[in-house]
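Below is one structure, written out as structure tokens; comments come after it.
Every heavy atom of this structure was used, including side-chain atoms; hydrogens, water molecules and symmetry mates were not. In what follows, residues are counted from 1 in the order of the sequence shown.
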Amino acid sequence: MTDIEIPAHSQKSWRYRFFEILPGLLSWSILITPFVISIFSPTAIALIIIAFFLLWFSRAVGLNVRVIQGWRTVQQHQRLDWRKMLDELERLDPKHNSKELPKWHYEVIKRLQKTPTPIKPHQVIHAVFVFAYNEGIEILKPTVQSILDSDYDMSQAILVLAYEARDGAQSEEAMLTLAKKYRGDFREIIVSKHPLTPGEVRGKGGNFNYAAHKLQSYLQQNNIDPKYVMVTMLDSDNRPHAKYFTALSYTFAATPNPKQASYQPVPMFTNNIWDAPAPMRVIATGNSFWNLVLSLRPHMLRNFSSHSQPMDALIDTNFLSSRTIVEDGHQFWRSYFRFDGDYEVYPIYLPIYQDAVLSSNYRKTIKAQFVQIRRWAYGASDIAYVADKAFFTPNNISKSDRLFKFLRLLEGHISWATAPLILAFAAFVPVLFNPDNYTANLLPIIASRIQTVALIGIFVTLLLSIKALPPKPLRYKRHRTVFMVLQWVLLPLTTIVFNALAALNSQTRLMLGKYLENFDVTDKVVKK
């Protein structure tokens with residue numbers, strides 16, 4: 001498929017608008033349903049609600065198991081000697097099977113001995129993009145330094161510093177200073193100042209595209225084949241694990257069809273976790289663990305935040321879309337349809353550390369957190385895009401694959417908006433309309449028992465959250481650790497306010513045609 005761009009607002013058909021309305025319509029209908037059915041049949045709605053609670057109880061058990069599995073997998077991959085593995089992958093002739101390395105590594109070597117891939121490890125060139133809007137040197141320098149400190153020869157990597165010219169080019173001084181400081185440490189440093197361009201939403205897609213064209217020109221001038229160039233996209237606060245680029249090189253060189261793949265690390269929001277307010281810490285930890293779960297479910301994995309994709313694939317998709325503020329997740333769908341479904345996202349079981357939300361004061365932090373999750377939830381806008389490309393545009397993708405991917409996408413966004421509210425309040429609805437009905441009065445008790453058992457899972461999250469903490473800054477006393485435990489009483493509140501309501505906000509905007517066309521950059525503050 002060649003036409004993979006989002007239609008302009010004036011080009012959207014009634015059918016496209018229907019699928020934009022669909023997620024909000026379904027979410028609001030589901031939330032209203034308990035009130036309607038309670039009037040006519042309290043017993044029926046009670047049974048439906050109990051079934052819903054049991055469904056989510058079983059999901060909660062599965063999620064806790066996956067969190068533990070994901071945590072163990074990431075810990076194991078952090079301990080691996082990726083440089084040795086990469087060297088053995090280059091030679092495809094290990095002298096002996098080292099007990100220190102995993103069995104799957106030697107299975108990969110056997111596979112490549114029979115069927116070589118088009119990329120050898122020594123041919124890989126990394127191009128690392130760092131994006132900025134209004135961030136200063138105190139945010140950007142640790143990010144660039146973390147890239148340079150990687151367990152990989154970054155003198156062979158290209159660093160692309162991409163910042164916005166709009167609103168006074170607030171990051172220009174910091175970017176130019178960094179380019180000058182690190183000029184001799186990378187193969188090349190490209191500085192890109194993205195102008196405000198008509199027809200683009202004010203988001204990261206346009207910034208990347210402008211800088212990517214500069215990179216493309218550099219590759220042409222230096223006779224570098226784009227198929228060997230692995231592009232990694234980092235926000236200003238993203239700090240890769242020291243072994244990330246080595247592991248990425250390994251996975252890239254081991255991929256049978258690398259052009260039809262992208263690579264997703266595990267975003268962990270722990271950079272400033274000690275400094276963030278309690279509600280933000282709970283949300284950041286929950287998001288980190290959800291990313292652990294997704295890493296073990298390749299069929300659900302999508303590009304999110306920091307991710308990597310070969311340059312030749314990006315050229316083939318005309319880079320990212322500049323018509324959406326969720327360009328990361330949307331790039332999965334652009335690539336999926338461009339390659340007629342022959343496209344995968346490979347997990348890299350290593351973290352890229354990011355900031356929890358923290359602004360200059362508590363009120364601004366609360367607002368920034370809501371706006372950030374609302375922006376993520378605006379991925380519901382992809383539902384119409386996927387429906388249009390999957391069902392109404394000629395393609396060579398199997399019907400079952402198109403259908404299941406669409407339904408998973410739709411169900412995920414509907415659950416995001418409705419499940420926390422139903423779990424919190426639905427059990428009390430029937431008794432409001434039927435105070436004398438036995439079943440209606442029994443329902444809150446049954447729901448409470450199920451929720452009490454489900455709370456056991458919080459202890460798993462609590463224990464792992466303590467293990468995931470970076471070292472406590474010296475400016476904090478021991479009692480700060482106690483607050484890291486007590487903060488979990490806020491989980492129901494944060495789930496409702498910052499997840500369900502943010503998702504409903506995004507879906508309602510889509511229903512009404514009040515599109516989000518401005519990437520509200522999350523404030524980044526460094527505490528000293």
Side-chain angles (χ1 to χ4, degrees), residues 6-38 49 52 56 201-205 279-280 283 286-287 290 302 304 321 323-330 333 357 363-388 406-426 428-429 492-522:
I6 299 172
H9 297 325
S10 59
Q11 299 172 331
K12 291 179 180 178
S13 64
W14 64 267
R15 186 171 57 207
Y16 198 97
R17 278 293 296 143
F18 168 77
F19 283 103
E20 285 187 333
I21 294 170
L22 182 62
L25 179 64
L26 289 176
S27 291
W28 282 111
S29 298
I30 289 170
L31 293 174
I32 293 171
T33 295
F35 294 91
V36 176
I37 299 181
S38 293
I49 292 172
F52 185 85
W56 277 91
V201 300
R202 293 163 67 96
K204 195 167 70 179
M280 281 67 257
I283 294 168
N287 289 334
W290 175 242
R302 303 287 183 264
F304 173 69
S321 174
R323 292 183 178 177
T324 177
I325 63 169
V326 285
E327 79 300 320
D328 48 2
H330 183 69
W333 297 111
V357 173
R363 182 184 63 81
K364 288 183 178 180
T365 300
I366 293 291
K367 180 181 178 181
Q369 182 68 83
F370 183 87
V371 168
Q372 182 192 65
I373 297 180
R374 182 183 68 179
R375 184 178 71 242
W376 294 350
Y378 198 69
S381 59
D382 281 336
I383 292 171
Y385 176 85
V386 173
D388 181 59
F406 172 77
L407 292 177
R408 285 194 191 104
L409 178 65
L410 181 62
E411 188 274 333
H413 282 281
I414 300 304
S415 296
W416 190 344
T418 60
L421 292 169
I422 292 175
L423 292 172
F425 303 116
F428 301 97
V429 173
L493 178 66
T494 58
T495 303
I496 293 171
V497 174
F498 293 102
N499 282 292
L501 296 186
L504 272 176
N505 185 293
S506 287
Q507 293 176 22
T508 304
R509 283 174 172 274
L510 278 171
M511 285 182 68
L512 303 176
K514 304 289 186 181
Y515 302 109
L516 289 173
E517 296 184 323
N518 186 26
F519 188 109
D520 294 303
V521 179
T522 304

Taking all heavy atoms of [X] and all of [Y], pick out the closest pair and write down the distance.
{"X": "Val429", "Y": "Pro34", "answer": "CG1-O, 3.7 Å"}
{"X": "Ile373", "Y": "Ala502", "answer": "CG2-CB, 3.8 Å"}
{"X": "Ala500", "Y": "Ala417", "answer": "CB-O, 3.6 Å"}
{"X": "Ala426", "Y": "Ile49", "answer": "O-CD1, 3.3 Å"}
{"X": "Gly379", "Y": "Val326", "answer": "N-CG1, 3.9 Å"}

To the nearest 0.5 Å, what is the distance between [atom1] ([X]) and [atom2] ([Y])?
{"X": "Leu501", "Y": "Thr495", "atom1": "CG", "atom2": "OG1", "answer": "11.0 Å"}
{"X": "Leu421", "Y": "Ile30", "atom1": "CG", "atom2": "CD1", "answer": "11.5 Å"}
{"X": "Thr508", "Y": "Trp28", "atom1": "OG1", "atom2": "CH2", "answer": "5.0 Å"}
{"X": "Arg375", "Y": "Phe519", "atom1": "CZ", "atom2": "CZ", "answer": "3.5 Å"}
{"X": "Phe19", "Y": "Leu410", "atom1": "CZ", "atom2": "CG", "answer": "9.0 Å"}
{"X": "Phe304", "Y": "Asp328", "atom1": "CZ", "atom2": "CG", "answer": "6.5 Å"}

Requested in this report: Apply side-chain contact (heavy atoms from CB on, under 4.5 Å) to the pair Thr418 and Leu26, showing each step before the final yes or no.
Outcome: CA-CA 9 Å; Thr418 60; Leu26 289 176; over 6 Å; no

Query raised in the report: So, does Ser506 use its side chain to make a donor-acceptor pair with the main chain of Arg374 at under 3.5 Å?
Result: yes

Query raised in the report: Hey, is the main chain of Ile325 close enough, under 3.5 Å, to the side chain of Arg202 for a donor-acceptor pair?
Result: no

Query raised in the report: Does NZ or CZ of Arg509 lie under 6.0 Å from the centre of the six-membered ring of Tyr378, at an angle within 45° of the ring axis?
Result: no

**Report entry** Worked check of side-chain contact (heavy atoms from CB on, under 4.5 Å) between Met280 and Ile366
**Finding:** CA-CA 8 Å; Met280 281 67 257; Ile366 293 291; 3.8 Å; yes

Looking at side-chain heavy atoms only, is the closest gap between [X] and [Y] below 4.5 Å?
{"X": "Gln507", "Y": "His413", "answer": "yes"}
{"X": "Gln372", "Y": "Phe498", "answer": "no"}
{"X": "Pro279", "Y": "Leu493", "answer": "no"}
{"X": "Thr324", "Y": "Ser321", "answer": "yes"}
{"X": "Leu31", "Y": "Ile422", "answer": "yes"}
{"X": "Leu510", "Y": "Ile21", "answer": "no"}
{"X": "Thr494", "Y": "Asn499", "answer": "no"}

Requested in this report: Walk me through it: do Arg323 and Glu517 pass the test salt bridge (Lys or Arg N to Asp or Glu O under 4.0 Å)?
Outcome: CA-CA 8 Å; Arg323 292 183 178 177; Glu517 296 184 323; over 6 Å; no

Query raised in the report: Do the ring planes of Tyr385 and His330 sit parallel (below 30°), tilted (30 to 60°) or perpendicular (above 60°)?
Result: perpendicular

Report task. Could you tell me how the ring of Trp56 sits relative to the ring of Phe52: parallel (under 30°), tilted (30 to 60°) or perpendicular (over 60°)? Result -> tilted

Query raised in the report: Could you go step by step and tell me if Gln369 and Thr365 meet the side-chain hydrogen bond (donor to acceptor under 3.5 Å, both in side chains) rule?
Result: CA-CA 6 Å; Gln369 182 68 83; Thr365 300; over 6 Å; no

Query raised in the report: Hey, mind stepping through Tyr16 and Ile6 against side-chain contact (heavy atoms from CB on, under 4.5 Å) and telling me if it holds?
Result: CA-CA 10 Å; Tyr16 198 97; Ile6 299 172; 3.9 Å; yes

Report task. Begin with the C-alpha distance, continue with both residues' side-chain angles, and end with the deciding distance and a verdict on side-chain contact (heavy atoms from CB on, under 4.5 Å) for Tyr515 and Val201. Result -> CA-CA 10 Å; Tyr515 302 109; Val201 300; over 6 Å; no

**Report entry** salt bridge (Lys or Arg N to Asp or Glu O under 4.0 Å) evaluation trace for Arg17 with Glu20
**Finding:** CA-CA 5 Å; Arg17 278 293 296 143; Glu20 285 187 333; 2.7 Å; yes

